[in-house]
Amino acid sequence: MNEAEIKERVAAFLGEHDPGGDRLEFLRARFDAGLAWVWFPEGLGGLGAPRELQQVVERELAHTPQINGGLQGIGLGMAAPTILAFGTEEQKRRFLRPLWTGEEIWCQLFSEPGAGSDLATLATRAVRDGDEWVIDGQKVWTSGAHHSRWAILVTRTDPDVPKHRGMTYFVCDMHAPGVEVRPLRQITGEAEFNEVFLTGVRLPDDLRLGEVGDGWRVAQTTLMNERVAIGGAPARRGGGMVASVVEAWREHPELRSHDLHQRLLSLWVEAEVTRLSGARLREQLAAGQPGPEGSGMKLSFARLNQALTGFDVEFRRDLGYDDWTFRRSENVDFYGRGPGYRYLRAKGNSIEGGTSEILRNIIAERVLGLPSEPRVDKDVPWKDLPR
(Lines give C-alpha, C1' and ligand atoms only; values in the text may rest on other atoms or scores of the structure.)
Protein backbone atom coordinates (compact mmCIF):
# COMPACT_ATOMS: atom_id res chain seq x y z
CA MET A 1 0.00 0.00 0.00
CA ASN A 2 1.32 3.47 -0.92
CA GLU A 3 0.49 7.10 -0.19
CA ALA A 4 -1.93 7.46 -3.10
CA GLU A 5 -3.91 4.41 -2.00
CA ILE A 6 -4.10 5.70 1.57
CA LYS A 7 -5.40 9.05 0.36
CA GLU A 8 -8.04 7.26 -1.71
CA ARG A 9 -9.16 5.30 1.35
CA VAL A 10 -9.38 8.45 3.45
CA ALA A 11 -11.37 10.24 0.75
CA ALA A 12 -13.77 7.30 0.49
CA PHE A 13 -14.11 7.23 4.27
CA LEU A 14 -14.93 10.95 4.44
CA GLY A 15 -17.48 10.48 1.67
CA GLU A 16 -19.36 8.05 3.90
CA HIS A 17 -18.86 9.64 7.34
CA ASP A 18 -19.57 13.25 8.25
CA PRO A 19 -16.85 14.76 10.49
CA GLY A 20 -19.41 17.29 11.72
CA GLY A 21 -21.67 14.60 13.12
CA ASP A 22 -21.39 12.62 16.33
CA ARG A 23 -17.73 12.64 17.46
CA LEU A 24 -17.69 9.18 19.02
CA GLU A 25 -19.41 7.54 16.08
CA PHE A 26 -16.90 9.17 13.73
CA LEU A 27 -13.95 7.85 15.75
CA ARG A 28 -15.46 4.36 15.90
CA ALA A 29 -15.94 4.40 12.14
CA ARG A 30 -12.37 5.59 11.61
CA PHE A 31 -11.09 2.67 13.69
CA ASP A 32 -13.24 0.20 11.79
CA ALA A 33 -11.94 1.61 8.50
CA GLY A 34 -8.37 0.81 9.52
CA LEU A 35 -7.40 4.47 9.86
CA ALA A 36 -6.58 4.45 13.57
CA TRP A 37 -3.14 2.80 13.40
CA VAL A 38 -2.53 1.91 9.74
CA TRP A 39 0.36 -0.45 10.63
CA PHE A 40 -1.89 -2.55 12.89
CA PRO A 41 -3.57 -5.62 11.34
CA GLU A 42 -6.86 -5.32 9.51
CA GLY A 43 -9.81 -5.56 11.86
CA LEU A 44 -7.79 -4.08 14.73
CA GLY A 45 -7.76 -0.46 13.65
CA GLY A 46 -5.21 -0.86 10.89
CA LEU A 47 -4.55 -1.92 7.32
CA GLY A 48 -1.29 -3.80 7.70
CA ALA A 49 0.34 -0.85 5.90
CA PRO A 50 3.80 0.68 6.44
CA ARG A 51 3.95 2.69 9.65
CA GLU A 52 5.13 5.88 7.95
CA LEU A 53 1.80 6.15 6.10
CA GLN A 54 0.15 7.09 9.40
CA GLN A 55 1.47 10.60 8.84
CA VAL A 56 -0.51 10.77 5.60
CA VAL A 57 -3.70 9.78 7.44
CA GLU A 58 -3.12 12.38 10.13
CA ARG A 59 -2.64 15.13 7.55
CA GLU A 60 -5.73 14.14 5.59
CA LEU A 61 -7.88 13.96 8.74
CA ALA A 62 -6.37 16.94 10.53
CA HIS A 63 -9.65 18.87 10.58
CA THR A 64 -11.84 16.02 11.79
CA PRO A 65 -12.59 14.89 15.39
CA GLN A 66 -9.37 13.89 17.15
CA ILE A 67 -8.43 11.59 19.99
CA ASN A 68 -7.22 13.13 23.27
CA GLY A 69 -3.51 12.36 23.28
CA GLY A 70 -2.99 13.64 26.82
CA LEU A 71 -5.79 11.71 28.47
CA GLN A 72 -5.30 8.62 26.33
CA GLY A 73 -1.50 8.66 26.20
CA ILE A 74 -0.86 5.57 28.33
CA GLY A 75 -3.46 3.52 26.49
CA LEU A 76 -2.27 4.59 23.05
CA GLY A 77 1.47 4.56 23.62
CA MET A 78 1.90 1.69 26.08
CA ALA A 79 -1.13 -0.56 26.52
CA ALA A 80 -2.06 -0.87 22.83
CA PRO A 81 1.34 -2.06 21.50
CA THR A 82 1.65 -4.48 24.42
CA ILE A 83 -1.81 -5.92 23.82
CA LEU A 84 -1.01 -6.23 20.12
CA ALA A 85 2.24 -8.07 20.87
CA PHE A 86 1.06 -10.41 23.63
CA GLY A 87 -2.72 -10.37 23.77
CA THR A 88 -5.02 -13.13 22.62
CA GLU A 89 -7.29 -12.45 19.66
CA GLU A 90 -10.19 -12.03 22.09
CA GLN A 91 -8.20 -9.50 24.15
CA LYS A 92 -7.21 -7.51 21.07
CA ARG A 93 -10.80 -7.28 19.84
CA ARG A 94 -12.13 -6.47 23.30
CA PHE A 95 -9.70 -3.72 24.27
CA LEU A 96 -8.19 -1.95 21.25
CA ARG A 97 -11.25 -0.22 19.79
CA PRO A 98 -12.55 1.50 22.98
CA LEU A 99 -8.94 2.26 23.93
CA TRP A 100 -8.37 4.18 20.71
CA THR A 101 -11.71 6.00 20.68
CA GLY A 102 -11.23 7.10 24.29
CA GLU A 103 -14.28 5.30 25.61
CA GLU A 104 -11.99 3.49 28.05
CA ILE A 105 -8.99 5.24 29.62
CA TRP A 106 -5.91 3.29 30.74
CA CYS A 107 -3.25 3.75 33.39
CA GLN A 108 -0.01 1.94 34.25
CA LEU A 109 0.50 0.01 37.51
CA PHE A 110 4.27 -0.57 37.45
CA SER A 111 6.24 1.48 40.00
CA GLU A 112 6.02 0.73 43.72
CA PRO A 113 7.36 2.47 46.85
CA GLY A 114 10.18 -0.10 46.95
CA ALA A 115 10.50 -0.66 43.21
CA GLY A 116 10.97 2.51 41.25
CA SER A 117 14.24 2.67 39.37
CA ASP A 118 14.66 -1.08 39.84
CA LEU A 119 11.24 -2.23 38.71
CA ALA A 120 12.25 -5.90 38.86
CA THR A 121 12.19 -5.79 42.68
CA LEU A 122 8.42 -5.19 42.72
CA ALA A 123 6.51 -6.94 45.49
CA THR A 124 2.83 -6.78 44.47
CA ARG A 125 1.70 -10.40 44.71
CA ALA A 126 -0.62 -12.36 42.44
CA VAL A 127 -1.72 -15.75 43.78
CA ARG A 128 -3.70 -18.12 41.62
CA ASP A 129 -7.07 -19.32 42.91
CA GLY A 130 -8.65 -21.58 40.32
CA ASP A 131 -9.46 -19.52 37.24
CA GLU A 132 -8.73 -16.27 39.07
CA TRP A 133 -5.75 -14.43 40.49
CA VAL A 134 -5.83 -12.59 43.84
CA ILE A 135 -3.76 -9.40 43.79
CA ASP A 136 -2.33 -7.64 46.86
CA GLY A 137 0.11 -4.73 46.85
CA GLN A 138 0.69 -1.03 46.31
CA LYS A 139 1.59 0.93 43.19
CA VAL A 140 2.68 4.56 42.99
CA TRP A 141 3.14 7.45 40.53
CA THR A 142 0.14 6.21 38.56
CA SER A 143 -0.88 8.95 36.12
CA GLY A 144 -4.59 9.22 35.44
CA ALA A 145 -5.67 6.34 37.69
CA HIS A 146 -8.58 8.46 38.96
CA HIS A 147 -10.33 8.37 35.61
CA SER A 148 -9.10 5.02 34.25
CA ARG A 149 -11.22 2.01 33.41
CA TRP A 150 -8.29 -0.38 32.90
CA ALA A 151 -4.64 -0.66 33.88
CA ILE A 152 -1.60 -2.57 32.73
CA LEU A 153 -0.25 -4.33 35.81
CA VAL A 154 2.95 -6.23 36.61
CA THR A 155 2.95 -8.57 39.61
CA ARG A 156 5.13 -11.09 41.44
CA THR A 157 3.80 -14.63 41.00
CA ASP A 158 6.85 -16.66 42.05
CA PRO A 159 9.08 -15.31 44.86
CA ASP A 160 11.39 -18.35 44.75
CA VAL A 161 13.17 -17.39 41.52
CA PRO A 162 15.43 -14.37 40.72
CA LYS A 163 13.72 -11.01 40.47
CA HIS A 164 13.55 -10.78 36.67
CA ARG A 165 11.71 -14.09 36.55
CA GLY A 166 8.57 -15.04 38.39
CA MET A 167 6.67 -11.91 37.26
CA THR A 168 3.33 -11.97 35.45
CA TYR A 169 1.55 -9.23 33.53
CA PHE A 170 -2.19 -8.52 33.71
CA VAL A 171 -4.87 -6.17 32.55
CA CYS A 172 -6.39 -4.86 35.79
CA ASP A 173 -10.01 -3.83 36.15
CA MET A 174 -9.79 -0.47 37.95
CA HIS A 175 -13.45 -0.82 39.00
CA ALA A 176 -12.89 -4.18 40.70
CA PRO A 177 -13.51 -4.46 44.46
CA GLY A 178 -10.30 -3.84 46.41
CA VAL A 179 -8.84 -1.19 44.07
CA GLU A 180 -8.32 2.09 45.93
CA VAL A 181 -6.95 5.22 44.25
CA ARG A 182 -5.45 8.04 46.35
CA PRO A 183 -4.20 11.36 44.91
CA LEU A 184 -0.58 12.48 45.04
CA ARG A 185 -0.15 16.25 45.01
CA GLN A 186 2.57 17.52 42.68
CA ILE A 187 4.70 20.65 42.68
CA THR A 188 2.08 22.35 40.46
CA GLY A 189 -0.63 21.79 43.08
CA GLU A 190 -2.39 19.30 40.83
CA ALA A 191 -2.89 15.61 41.50
CA GLU A 192 -2.16 14.11 38.11
CA PHE A 193 -0.43 11.16 39.80
CA ASN A 194 -1.85 8.68 42.27
CA GLU A 195 -0.96 5.81 44.54
CA VAL A 196 -3.07 2.71 44.05
CA PHE A 197 -3.73 0.10 46.72
CA LEU A 198 -4.74 -3.41 45.62
CA THR A 199 -6.33 -5.48 48.39
CA GLY A 200 -7.66 -8.90 47.53
CA VAL A 201 -8.40 -7.82 43.96
CA ARG A 202 -9.66 -10.80 41.96
CA LEU A 203 -8.81 -10.89 38.25
CA PRO A 204 -9.87 -13.71 35.91
CA ASP A 205 -7.06 -15.54 34.14
CA ASP A 206 -8.33 -14.27 30.79
CA LEU A 207 -7.02 -10.82 31.81
CA ARG A 208 -3.45 -12.16 31.85
CA LEU A 209 -1.14 -10.88 29.08
CA GLY A 210 1.58 -13.34 28.11
CA GLU A 211 2.65 -16.49 29.92
CA VAL A 212 2.81 -16.94 33.68
CA GLY A 213 6.29 -15.91 34.81
CA ASP A 214 7.04 -14.00 31.59
CA GLY A 215 5.95 -10.60 32.90
CA TRP A 216 9.38 -9.00 32.65
CA ARG A 217 9.58 -9.61 28.90
CA VAL A 218 6.07 -8.24 28.41
CA ALA A 219 6.90 -5.22 30.57
CA GLN A 220 9.98 -4.48 28.45
CA THR A 221 7.72 -4.11 25.42
CA THR A 222 5.63 -1.61 27.37
CA LEU A 223 8.62 0.36 28.63
CA MET A 224 10.33 0.65 25.26
CA ASN A 225 7.09 1.84 23.68
CA GLU A 226 6.55 4.25 26.58
CA ARG A 227 9.89 5.96 26.01
CA VAL A 228 9.22 6.35 22.32
CA ALA A 229 5.71 7.68 23.07
CA ILE A 230 7.10 10.30 25.47
CA GLY A 231 10.31 11.29 23.70
CA GLY A 232 9.78 10.37 20.07
CA ALA A 233 6.33 11.73 19.28
CA PRO A 234 6.00 13.47 15.90
CA ALA A 235 6.64 17.23 16.03
CA ARG A 236 6.74 19.96 13.42
CA ARG A 237 9.80 22.16 12.99
CA GLY A 238 9.75 24.76 15.74
CA GLY A 239 6.94 22.93 17.54
CA GLY A 240 6.65 21.55 21.04
CA MET A 241 8.16 23.40 23.97
CA VAL A 242 10.47 25.53 21.81
CA ALA A 243 7.43 27.13 20.14
CA SER A 244 6.30 28.96 23.28
CA VAL A 245 9.85 30.14 23.98
CA VAL A 246 10.29 31.54 20.46
CA GLU A 247 6.88 33.20 20.66
CA ALA A 248 7.88 35.00 23.88
CA TRP A 249 11.18 36.04 22.28
CA ARG A 250 9.36 37.63 19.35
CA GLU A 251 6.78 39.37 21.54
CA HIS A 252 9.27 40.94 23.98
CA PRO A 253 12.26 42.46 22.15
CA GLU A 254 12.87 44.73 25.14
CA LEU A 255 13.89 41.70 27.25
CA ARG A 256 16.47 40.34 24.83
CA SER A 257 20.20 40.26 25.44
CA HIS A 258 23.18 38.93 23.52
CA ASP A 259 23.77 36.14 26.03
CA LEU A 260 20.13 35.05 25.94
CA HIS A 261 20.19 35.12 22.15
CA GLN A 262 23.16 32.76 22.02
CA ARG A 263 21.51 30.38 24.48
CA LEU A 264 18.25 30.40 22.52
CA LEU A 265 20.09 29.56 19.31
CA SER A 266 21.75 26.60 21.02
CA LEU A 267 18.40 25.38 22.35
CA TRP A 268 16.83 25.74 18.90
CA VAL A 269 19.61 23.60 17.39
CA GLU A 270 19.17 20.99 20.11
CA ALA A 271 15.40 20.97 19.56
CA GLU A 272 15.94 20.39 15.83
CA VAL A 273 18.43 17.59 16.48
CA THR A 274 15.95 15.94 18.83
CA ARG A 275 13.09 16.33 16.35
CA LEU A 276 15.05 14.86 13.46
CA SER A 277 16.38 12.03 15.62
CA GLY A 278 12.79 11.26 16.54
CA ALA A 279 11.86 11.10 12.86
CA ARG A 280 14.71 8.67 12.21
CA LEU A 281 13.65 6.54 15.18
CA ARG A 282 10.07 6.34 13.90
CA GLU A 283 11.39 5.14 10.54
CA GLN A 284 13.28 2.39 12.35
CA LEU A 285 10.08 1.37 14.11
CA ALA A 286 8.62 0.36 10.77
CA ALA A 287 10.87 -2.69 10.92
CA GLY A 288 9.45 -3.93 14.23
CA GLN A 289 9.16 -3.19 17.92
CA PRO A 290 11.10 -0.27 19.42
CA GLY A 291 14.44 -1.07 20.95
CA PRO A 292 16.60 0.58 23.62
CA GLU A 293 17.29 3.56 21.31
CA GLY A 294 14.01 5.05 22.51
CA SER A 295 15.68 5.64 25.88
CA GLY A 296 17.95 8.19 24.21
CA MET A 297 14.96 10.06 22.81
CA LYS A 298 13.22 10.16 26.15
CA LEU A 299 16.43 11.32 27.88
CA SER A 300 16.86 14.11 25.33
CA PHE A 301 13.19 15.09 25.61
CA ALA A 302 13.45 15.53 29.39
CA ARG A 303 16.70 17.49 29.30
CA LEU A 304 15.48 19.78 26.51
CA ASN A 305 12.09 20.46 28.10
CA GLN A 306 13.69 21.44 31.38
CA ALA A 307 16.25 23.69 29.68
CA LEU A 308 13.60 25.41 27.53
CA THR A 309 11.15 26.01 30.37
CA GLY A 310 13.97 27.33 32.55
CA PHE A 311 15.06 29.69 29.78
CA ASP A 312 11.46 30.85 29.27
CA VAL A 313 10.99 31.78 32.92
CA GLU A 314 14.38 33.50 33.06
CA PHE A 315 13.67 35.46 29.89
CA ARG A 316 10.24 36.62 31.04
CA ARG A 317 11.65 37.39 34.51
CA ASP A 318 8.43 36.15 36.04
CA LEU A 319 7.41 32.68 37.18
CA GLY A 320 3.87 33.53 36.10
CA TYR A 321 2.32 30.88 38.31
CA ASP A 322 0.45 31.70 41.48
CA ASP A 323 -2.12 28.92 41.89
CA TRP A 324 -0.88 25.96 43.89
CA THR A 325 -4.41 25.04 44.97
CA PHE A 326 -4.84 21.29 45.37
CA ARG A 327 -6.98 20.00 42.51
CA ARG A 328 -7.49 16.94 40.37
CA SER A 329 -5.92 17.00 36.92
CA GLU A 330 -8.21 16.11 34.04
CA ASN A 331 -5.47 15.91 31.43
CA VAL A 332 -1.72 15.59 30.89
CA ASP A 333 -0.34 18.75 29.33
CA PHE A 334 3.39 19.34 28.86
CA TYR A 335 3.11 22.36 26.57
CA GLY A 336 -0.07 24.28 27.32
CA ARG A 337 -0.87 26.65 30.16
CA GLY A 338 1.53 29.34 31.36
CA PRO A 339 5.33 29.44 31.58
CA GLY A 340 5.33 28.84 35.33
CA TYR A 341 3.25 25.71 35.01
CA ARG A 342 5.42 24.42 32.16
CA TYR A 343 8.57 25.04 34.21
CA LEU A 344 7.26 23.17 37.23
CA ARG A 345 5.67 20.33 35.26
CA ALA A 346 8.87 19.72 33.27
CA LYS A 347 10.65 18.74 36.48
CA GLY A 348 8.80 15.44 36.27
CA ASN A 349 10.00 14.69 32.74
CA SER A 350 13.28 13.26 34.03
CA ILE A 351 11.43 10.89 36.39
CA GLU A 352 8.35 9.63 34.54
CA GLY A 353 8.84 6.90 31.96
CA GLY A 354 12.18 5.92 33.50
CA THR A 355 14.56 8.20 35.36
CA SER A 356 17.30 9.87 33.37
CA GLU A 357 19.91 8.03 35.44
CA ILE A 358 18.48 4.61 34.56
CA LEU A 359 18.10 5.60 30.90
CA ARG A 360 21.80 6.50 30.76
CA ASN A 361 22.60 3.00 32.01
CA ILE A 362 20.39 1.47 29.31
CA ILE A 363 22.01 3.57 26.60
CA ALA A 364 25.51 2.75 27.84
CA GLU A 365 24.93 -1.00 28.06
CA ARG A 366 22.38 -1.80 25.35
CA VAL A 367 23.11 0.86 22.70
CA LEU A 368 26.82 1.61 23.11
CA GLY A 369 27.77 -1.88 24.30
CA LEU A 370 29.73 -0.70 27.34
CA PRO A 371 30.34 -3.09 30.25
CA SER A 372 27.37 -3.41 32.57
CA GLU A 373 27.47 -2.48 36.23
CA PRO A 374 28.12 -5.36 38.66
CA ARG A 375 24.83 -6.91 39.77
CA VAL A 376 25.22 -9.28 42.66
CA ASP A 377 21.49 -9.95 42.95
CA LYS A 378 20.77 -11.25 39.43
CA ASP A 379 20.73 -14.93 40.44
CA VAL A 380 19.38 -14.54 43.97
CA PRO A 381 15.77 -15.64 44.57
CA TRP A 382 13.53 -12.60 45.03
CA LYS A 383 12.44 -13.72 48.51
CA ASP A 384 16.07 -13.64 49.68
CA LEU A 385 16.81 -10.09 48.53
CA PRO A 386 17.45 -7.60 51.38
CA ARG A 387 14.58 -5.18 51.90
Side-chain angles (χ1 to χ4, degrees), residues 74-75 78-79 82-83 86 91 95 105-185 191-223 226 351-355 358 377-378 380-387:
I74 291 174
M78 302 164 215
T82 307
I83 293 169
F86 292 96
Q91 289 170 334
F95 292 121
I105 303 302
W106 288 66
C107 63
Q108 180 185 17
L109 299 177
F110 275 35
S111 295
E112 299 182 6
S117 295
D118 187 2
L119 178 64
T121 60
L122 63 86
T124 293
R125 290 291 305 276
V127 178
R128 190 151 195 170
D129 182 15
D131 291 332
E132 293 184 317
W133 294 83
V134 182
I135 316 295
D136 289 280
Q138 178 187 355
K139 299 293 183 174
V140 75
W141 314 128
T142 307
S143 298
H146 52 294
H147 44 227
S148 292
R149 176 65 181 85
W150 300 99
I152 43 179
L153 165 68
V154 187
T155 67
R156 176 77 49 196
T157 48
D158 186 353
D160 296 320
V161 296
K163 61 183 182 179
H164 290 92
R165 304 203 298 272
M167 298 163 64
T168 304
Y169 196 116
F170 294 93
V171 170
C172 180
D173 181 356
M174 291 298 288
H175 292 175
V179 177
E180 181 186 0
V181 178
R182 300 181 188 175
L184 287 174
R185 185 175 183 177
E192 175 189 318
F193 297 148
N194 303 269
E195 52 184 346
V196 179
F197 293 84
L198 306 162
T199 307
V201 178
R202 303 186 78 88
L203 300 177
D205 188 55
D206 61 14
L207 288 181
R208 173 170 48 84
L209 276 182
E211 299 299 323
V212 175
D214 200 29
W216 182 251
R217 186 165 69 97
V218 183
Q220 288 304 298
T221 295
T222 303
L223 293 171
E226 176 182 28
I351 303 173
E352 57 199 344
T355 65
I358 291 298
D377 60 353
K378 283 187 67 174
V380 178
W382 178 86
K383 64 181 176 58
D384 296 331
L385 294 177
R387 276 181 288 278

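FYI, side chains are in, hydrogens and waters are out, and symmetry mates aren't considered; it's all heavy atoms of this structure.
Under the side chain to side chain donor-acceptor pair (under 3.5 Å) criterion, R182 pairs with E180, not counting sequence neighbours. Residues satisfying the side chain to side chain donor-acceptor pair (under 3.5 Å) test with W216, not counting sequence neighbours, are none. Shown here are the side chain to side chain donor-acceptor pair (under 3.5 Å) partners of T168, two or more places apart in sequence or in another chain: T157. Checked against side chain to side chain contact (heavy atoms under 4.5 Å, CB included), D214 has the following partners two or more places apart in sequence or in another chain: E211, R217. Checked against side chain to side chain donor-acceptor pair (under 3.5 Å), N194 has the following partners two or more places apart in sequence or in another chain: H146, R328.
Between Y169 and T82, the shortest heavy-atom contact is OH-CG2, 3.7 Å. Here the closest heavy-atom approach between residue A191 and residue P183 is recorded as CB-CB, 3.7 Å. Across all their heavy atoms, G210 and V218 have their closest contact at CA-CG2, 4.3 Å. Nearest heavy atoms, L203 versus L207: CD2-CD1, 4.2 Å.
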Scan the side chains in residues 120-130 for donor-acceptor partners under 3.5 Å anywhere in the protein, sequence neighbours excluded, and list what turns up.
| unit_1 | atom_1 | unit_2 | atom_2 | d |
| --- | --- | --- | --- | --- |
| T121 | OG1 | G114 | O | 3.3 |
| T121 | OG1 | D118 | O | 2.8 |
| T124 | OG1 | E112 | OE2 | 2.7 |
| R128 | NE | G130 | O | 3.1 |
| R128 | NH2 | D205 | OD2 | 3.3 |
| D129 | OD2 | R202 | NH2 | 2.4 |

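Using a distance-only test at 3.5 Å, with no hydrogens or angles considered, no donor-acceptor pair links the side chain of R156 to the main chain of D158. With hydrogens and angles ignored, the 3.5 Å screen pairs no side-chain donor or acceptor of K163 with any backbone N or O of W382. The backbone N or O of D206 lies less than 3.5 Å from a partner atom in the side chain of Q91, making a donor-acceptor pair.
From W133, atom CH2 reaches atom CG of L153 across 11.5 Å, with rounding to the nearest 0.5 Å. With rounding to the nearest 0.5 angstrom, the CH2 atom of W141 is 12.0 Å from the CD atom of E192. Taking CZ from F86 and CZ from R208, the interatomic distance works out to 12.5 Å, rounded to the nearest 0.5 Å.
Counting only heavy atoms from C-beta outward, the side chains of M174 and V181 approach each other to under 4.5 Å. Looking at W106 and I83, their side chains come closer than 4.5 Å, going by heavy atoms from C-beta outward. Considering only heavy atoms from C-beta on, I105 stays 4.5 Å or farther from R149 through its side chain. Under the 4.5 Å side-chain criterion, counting only non-hydrogen atoms from C-beta, Q108 is in contact with L223.
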Legend entry - Stepwise side chain to side chain contact (heavy atoms under 4.5 Å, CB included) test for T199 and D136: CA-CA 5 Å; T199 307; D136 289 280; 4.2 Å; yes

Legend entry - Residues T222, V154; criterion side chain to side chain contact (heavy atoms under 4.5 Å, CB included); working and verdict: CA-CA 11 Å; T222 303; V154 187; over 6 Å; no

Inset, instruction - Could you walk me through whether C172 and I135 pass side chain to side chain contact (heavy atoms under 4.5 Å, CB included), step by step? - result: CA-CA 10 Å; C172 180; I135 316 295; over 6 Å; no

Inset, instruction - Let me see the working for F170 and L109 under side chain to side chain contact (heavy atoms under 4.5 Å, CB included), right down to the final yes or no. - result: CA-CA 10 Å; F170 294 93; L109 299 177; over 6 Å; no

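Around atom CG of D160, more than 12 heavy atoms belonging to other residues, nucleotides or ligands sit under 6.0 Å away.
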